[in-house]
Amino acid sequence: MLQYTTLLSIISLLSVASLTNAANADQWKGKSIYQLFTDRFAPPSATAPARTSPLPETCDPIQQTWCGGTWLSIIDKLDYIQGMGFDAVWISPVSQNIDVYTPYNYAYHGYWVNDPLVLNPRFGSSDDLKALSNALHARGMYLMVDVVVNNIPSLNAYDAVNSTALKLDGSLWTDPSEFHPQCWIDYSNQTSVENCWLGDDKVALMDVNTENPTVVSTLNSWIGNLTSTYGIDGLRIDAAKHVPGTFWTRFCAASGVFCIGEVYGSDINFAASFQTEKWMDSILGYPLYYGIVNGFGTPSGNMSSFVEIAQQTLATFPQPGLLGNFIENHDLPRWRNTTTDSQLAYNAMVAQFIFDGLPIVYYGQEQDFSHGAGDPYNRAALWPSNYANTTTYQHIRRLNDIRHAVITNNTQFNGKNFLDSQTTIVASTKTDVAFRKGPLLAVLTNRGSPSVAQAFGVPTSGWSAQSAVIDLLSCKQHAVGSGGAISVSYAASGYGGMPYIFVSQTDAAALKICGDVGVATYVSANTTTQASSAPPTVPIQASKELLSVLAAGLVGLAVTLSLV
């Protein structure tokens, strides 16, 4: 019989192995990501005690203080996240922040990092972060961590860069040469964007000199240790455009994991340079976000703007399938704050999930949070929602189910599957758009919820006349007309402004999202097929899941043996 101590040794080795399997860009393809603020996602509990005391009776975002969420409390609510079908969780920064009162109250958000090398005790211990990582991996999910290296906060903007002040602020960097001299950013000048300071004279964000050899070597060593120690699968990089791109190439290589950066702005060519110059794997898709806002943000919005930006994005980025697609985040208005129409929001989400890229949902989007035109109002606690199973929660689950099904089944159209296909705009009007992504044809509108005696015709769907297609959102069958045309009507009650995601009836039957939909008796020459060529391989994430399951099983066995 195995000795108890031997089992513990095996468990320890498996835990280390499960934490150190890095995930690269190829392994992130097809993932969907849930973004949360650690302090605001889940409240303290018996298994996740508060790390801050006292806590406010009510978590009012305008107070800008800690509300008690921790890495362990996130574990309490992983069922809620996985219930929507997400593959990954992006958490707010894990590093130590300034821990004093400021003109903007406290650093509950985690972005005022003063020492990247130290964990934030407000969110938990080293073991707590490892526990979160292992809990996600046991579910087959990835952990993405937000990192801040561009700046260090100071409450003394004009006398911050001296060794005494830096030491008093608890900064990792205490040599003035490790910072760029104080200047406020001129956004018309990229050198100024990279070297001057964010923030303001109340809370200055001192720009770290990322050309300094000591800074570079320290940060590269730290990030490699962070990802390997805590089993981090990906990094979201804050303020990426405020650091010279060449720094990120070495930083991301040192991390050994997928990097996606924040490049705030609508300039597609500049944003794409982060991929074309190979500075990092990807960026958050701000240009497409603005296109979605223009196209679906108001009834009868500017659909031509969405189409134009979408086409430019596809033509400019080498790998648009790795871009982060979002319609909300902690720096932007809540979608339902500016757009009250539920069907517009649904259409925007379909675009977010089906267009090339990695869909990212900001916590509270699934609860239709509408109080939040900007920081800090868009950072409310989630728990007052009681984690309700809302209609939007169900929509997100369906969209993730569709993505998972076509990816897992390797469903193809014209010899290409969902991940290998690039989105193609098939048809558009001033109020409608249809685009194909592999086996899926999305048909969207910005007409809004009221039923109208109007229709949108897609002249060439890609399927042959007389074949049948299924809308995976409603599970209703539609006929393909002459020349491959598909027409949707917004006239019937309840059908105003509806989005559609079509697949062939044959594919729908294989995907099983709509149950038994039958198989069309007429099979066109262009009917999509489920590929069955190469035998399946086991990706690294699958090995993570296996290791986690083995570790969990051995823990149970070890406990049993210890009791006998």
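Count residues from 1 along the sequence. Source: prediction; values computed, not measured.
- Contact check on Asp99 versus Arg122 returns a salt bridge, with a Lys/Arg side-chain nitrogen under 4.0 Å from an Asp/Glu carboxylate oxygen.
- Remark: Lys77 fails to qualify as a cation-pi partner of Phe41 under the 6.0 Å distance and 45° angle criteria applied to the six-membered ring.
- Exactly one of Tyr80, Tyr34, Tyr387, Tyr363 qualifies for a ring pair (Phe, Tyr, Trp, His ring centres under 6.0 Å) with Tyr393. That residue is Tyr80.
- Judged purely by distance below 3.5 Å, without hydrogens or angles, the side chains of Ser217 and Asn220 never pair a donor atom with an acceptor atom.
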**OP:** With side-chain hydrogen bond (donor to acceptor under 3.5 Å, both in side chains) as the test, would you mind laying out the steps for Thr390 and Thr392 before giving the verdict?
**Re:** CA-CA 5 Å; Thr390 65; Thr392 302; 4.7 Å; no
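- Between Tyr230 and Ser126, the side chains place a donor N or O and an acceptor N or O closer than 3.5 Å (distance only, hydrogens not considered).
- For the pair Asn120 and Pro93, the minimum side-chain heavy-atom distance is 4.5 Å or more.
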Under 3.5 Å, which donor-acceptor pairs do the side chains of residues 315-326 form with other protein atoms, sequence neighbours left out?
{"residue": "Thr316", "atom": "OG1", "partner": "Gln312", "partner atom": "O", "Å": "2.6"}
{"residue": "Asn325", "atom": "ND2", "partner": "Gln352", "partner atom": "O", "Å": "3.3"}
{"residue": "Asn325", "atom": "ND2", "partner": "Asp356", "partner atom": "O", "Å": "2.9"}

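- Between Ser177 and Asp175, the side chains place a donor N or O and an acceptor N or O closer than 3.5 Å (distance only, hydrogens not considered).
- Under the 3.5 Å distance criterion, the side-chain polar atoms of Arg334 are left unmatched by any main-chain donor or acceptor of Gly372.
- Glu194 and His180 share no donor-acceptor pair across their side chains, judged by distance under 3.5 Å alone.
- No donor-acceptor pair closer than 3.5 Å links the side chain of Thr52 to the backbone N or O of Gly68.
- With Asp238 as the partner, the side chain to side chain contact (heavy atoms under 4.5 Å, CB included) test is satisfied by one option alone out of Val147, Val148, Val113: Val148.
- Contact annotation: the side chain of Ile33 never approaches that of Arg236 to less than 4.5 Å [non-hydrogen atoms, C-beta and beyond].
- With hydrogens and angles ignored, the 3.5 Å screen pairs no side-chain donor or acceptor of Ser171 with any backbone N or O of Thr174.
- Annotation for Pro56 and Trp66: closest pair CD-O, 3.2 Å, computed over non-hydrogen atoms.
- For the pair Leu166 and Glu178, the minimum side-chain heavy-atom distance is 4.5 Å or more.
- Using modelled atom types and a 3.5 Å distance limit, the side chains of His109 and Gln64 yield no donor-acceptor pair.
- Rounded to the nearest 0.5 Å, atoms CG (Leu129) and OG1 (Thr229) are 9.5 Å apart.
- Inter-residue side-chain proximity for Trp71 and Ile75 is flagged as unmet; no heavy-atom pair is nearer than 4.5 Å.
- Between the CG atom of Asp79 and the CE atom of Met84 there is a distance of 11.0 Å, given to the nearest 0.5 Å.
- Only one option out of Phe270, Phe274, Trp248 pairs with Trp279 in a ring pair (Phe, Tyr, Trp, His ring centres under 6.0 Å); it is Phe274.
- A donor-acceptor distance shorter than 3.5 angstrom exists from the side chain of Ser73 to the backbone of Thr70, with no hydrogens or angles considered.
- Lys29 pairs by the side-chain hydrogen bond (donor to acceptor under 3.5 Å, both in side chains) definition with Asp26, not counting sequence neighbours.
- One distance of note links CG of Asp368 with OG of Ser342; it measures 8.0 Å at 0.5 Å rounding.
- Taking 4.5 Å as the limit, some side-chain heavy atom of Val193 sits within range of a side-chain heavy atom of His242.
- The side-chain heavy atoms of Trp335 and Met349, taken from C-beta on, include no pair separated by under 4.5 Å.
- Across Ile223, Leu143, Ile91, a single residue satisfies side chain to side chain contact (heavy atoms under 4.5 Å, CB included) together with Ile232, and that is Leu143.
- At least one side-chain heavy atom of Phe353 sits less than 4.5 Å from a side-chain heavy atom of Arg403.
- Checked by atom type, the side-chain pair Asp146/Trp90 shows a donor-acceptor distance below 3.5 Å.
- The aromatic rings of Phe37 and Tyr111 lie tilted to each other, with the angle between the two planes from 30° to 60°.
- Judged by distance alone, with hydrogens and angles left aside, the side-chain atoms of Gln275 form a donor-acceptor pair with the main-chain N or O of Asp281 at under 3.5 Å.
- Residues passing the side-chain hydrogen bond (donor to acceptor under 3.5 Å, both in side chains) test with Asp341, sequence neighbours excluded: Ser449.
- For the pair Pro61 and Arg40, the minimum side-chain heavy-atom distance is below 4.5 Å.
- Checked by atom type and distance alone, the side chain of Glu262 pairs as donor or acceptor with a backbone atom of Ala239 at under 3.5 Å.
- Separation of atoms CD1 (Ile152) and CG (Asp169) is listed at 9.5 Å; rounding is to 0.5 Å.
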Show me, pair by pair, the donor-acceptor contacts under 3.5 angstrom made by side chains of residues 284-291, not counting sequence neighbours?
{"residue": "Tyr286", "atom": "OH", "partner": "Asn329", "partner atom": "ND2", "Å": "3.0"}

Side chains of residues 295-306: which donor-acceptor pairs under 3.5 Å do they make with residues two or more places apart or in other chains?
{"residue": "Asn302", "atom": "OD1", "partner": "Ser304", "partner atom": "N", "Å": "3.4"}
{"residue": "Asn302", "atom": "OD1", "partner": "Ser304", "partner atom": "OG", "Å": "2.6"}
{"residue": "Asn302", "atom": "OD1", "partner": "Ser305", "partner atom": "N", "Å": "3.2"}
{"residue": "Ser305", "atom": "OG", "partner": "Asn294", "partner atom": "ND2", "Å": "2.8"}

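- For the residue pair Asp39 / Ser92, no side-chain donor-acceptor distance below 3.5 Å is found, with atom types taken as modelled.
- Remark: Asp186 engages no residue in a salt bridge (charged side-chain N to carboxylate O under 4.0 Å, His left out) (not counting sequence neighbours).
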